[in-house]
Undergrad: 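Starting off with a structure, shown below.
Whatever order the structure lists them in is the order used to number ligands and atoms, beginning at 1.
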Amino acid sequence: MSTFWIGTGWKMNKTVAETRRYVADLKTRLPSELGSDYALFVIPPFTALAAAREAIGAAPVLLGAQNMHWAEAGAYTGEISAPMLKEFEVDLVELGHSERREYFGETDATINLKVKAALRHGFRPLLCVGDSAEERAAGASAEAVVRQVRLAFAGLTKADFSRCLVAYEPIWAIGESGVPASPDEAKGVHVALHAALKELGAPKVPVLYGGSVNLENAEALASEVAIDGLFVGRAAWSAEGFASLIAKVMAARKRAGLARAEVMHAIG
Ligand code: PEP
């Protein structure tokens with residue numbers, strides 16, 4: 001079975017003390033056998049990275065950061081650079097979340113610079129792409145996110161792609177007012193993303209789904225062959241919630257017996 005990714009981004013939530021408690025709790029709840037079939041990650045705020053790294057220890061949980069500047073250093077007040085993240089042994093960097101695009105002026109061009117900087121420093125970029133409600137209503141969801149992927153990944157080499165991840169996060173599906181995508185609708189966009197990545201020479205880049213994932217829909221989403229992982233917000237902000245989701249997904253995928261070969265077959 002190919003690796004299935006399950007991770008959580010915490011947005012602007014959790015103090016250092018809360019992070020320590022969360023990770024300690026999560027460690028007691030992790031399944032004993034993850035093997036290479038599953039990759040887990042948590043993405044705390046910058047201020048809790050050191051505590052998270054220390055608390056994770058040797059547990060099979062990757063650590064991510066929520067953003068990163070593309071420059072090595074300089075006059076960018078309030079920003080965090082790759083060398084700074086290196087000190088916390090960060091594994092992946094989330095880039096291009098729709099909240100960053102909407103509230104902090106991120107553009108496809110700056111995201112491309114960040115993706116390249118992350119790769120230069122040995123991180124895995126987790127590129128978030130998402131369609132708006134208007135794009136969805138116009139039937140342009142796939143077109144919108146494929147464009148974002150092409151622009152964010154412009155200029156990457158084959159070797160670069162082996163370390164990239166994509167998260168499809170419909171803007172209309174995330175957060176308090178979000179309505180989760182049905183597995184069928186998510187599947188349609190994932191298939192388009194896989195096809196575009198294949199065209200770019202990156203057929204193996206995993207595409208995760210994010211947006212109101214919860215205990216009710218995780219099983220169906222994780223059983224879709226074109227979905228390579230789940231990126232979860234609110235439902236995984238308690239260790240218990242995250243662990244329950246992991247257990248649900250593992251049980252569902254075991255039942256379905258899915259393999260990457262089937263994904264490749266499904267998308268031709
Ligand atoms: C997100 O905003 O990236 C997200 C996945 O949030 P939620 O699961 O809470 O909708």
Undergrad: Can you list every pair where an N/O of ligand 1 is under 3.5 Å from an N/O on the protein?
TA:
residue	atom	partner	partner atom	Å
ligand 1	2 (O)	K11	NZ	2.5
ligand 1	2 (O)	H97	NE2	3.1
ligand 1	3 (O)	H97	NE2	2.9
ligand 1	3 (O)	E169	OE1	2.9
ligand 1	3 (O)	E169	OE2	2.9
ligand 1	8 (O)	S212	N	3.4
ligand 1	8 (O)	G233	N	2.9
ligand 1	9 (O)	R234	N	2.9
ligand 1	9 (O)	R234	NE	2.6
ligand 1	9 (O)	R234	NH2	3.4
ligand 1	10 (O)	G175	N	2.9
ligand 1	10 (O)	S212	N	2.8
ligand 1	10 (O)	R234	NH2	3.0

Undergrad: Strictly below 4.0 Å, N to O, side chains only: are R147 and D108 in salt-bridge contact?
TA: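 Looking at R147 and D108, the cut-off is met.
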Undergrad: Are any of the side-chain nitrogens in R29 or D25 under 4.0 Å away from the carboxylate oxygens of its partner?
TA: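 Looking at R29 and D25, the cut-off is met.
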Undergrad: Please report, to 0.1 Å, the donor-acceptor pairs under 3.5 Å made by any side chain of residues 86-93, with sequence neighbours excluded.
TA:
residue	atom	partner	partner atom	Å
K86	NZ	H121	O	2.2
D91	OD2	R53	NH2	3.2
D91	OD2	L63	N	2.8

Undergrad: Salt bridge or not between R253 and D37? Use side-chain N to carboxylate O under 4.0 Å.
TA: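 A salt bridge is absent here (no side-chain N lies under 4.0 Å from a carboxylate O).
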Undergrad: Between F161 and F153, does the ring centroid distance fall short of 6.0 Å?
TA: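 Centroid distance F161-F153: below 6.0 Å, so yes.
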Undergrad: Do R100 and E94 meet the salt-bridge criterion of a basic N to acidic O distance under 4.0 Å?
TA: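 Salt bridge flag = no for R100 with E94.
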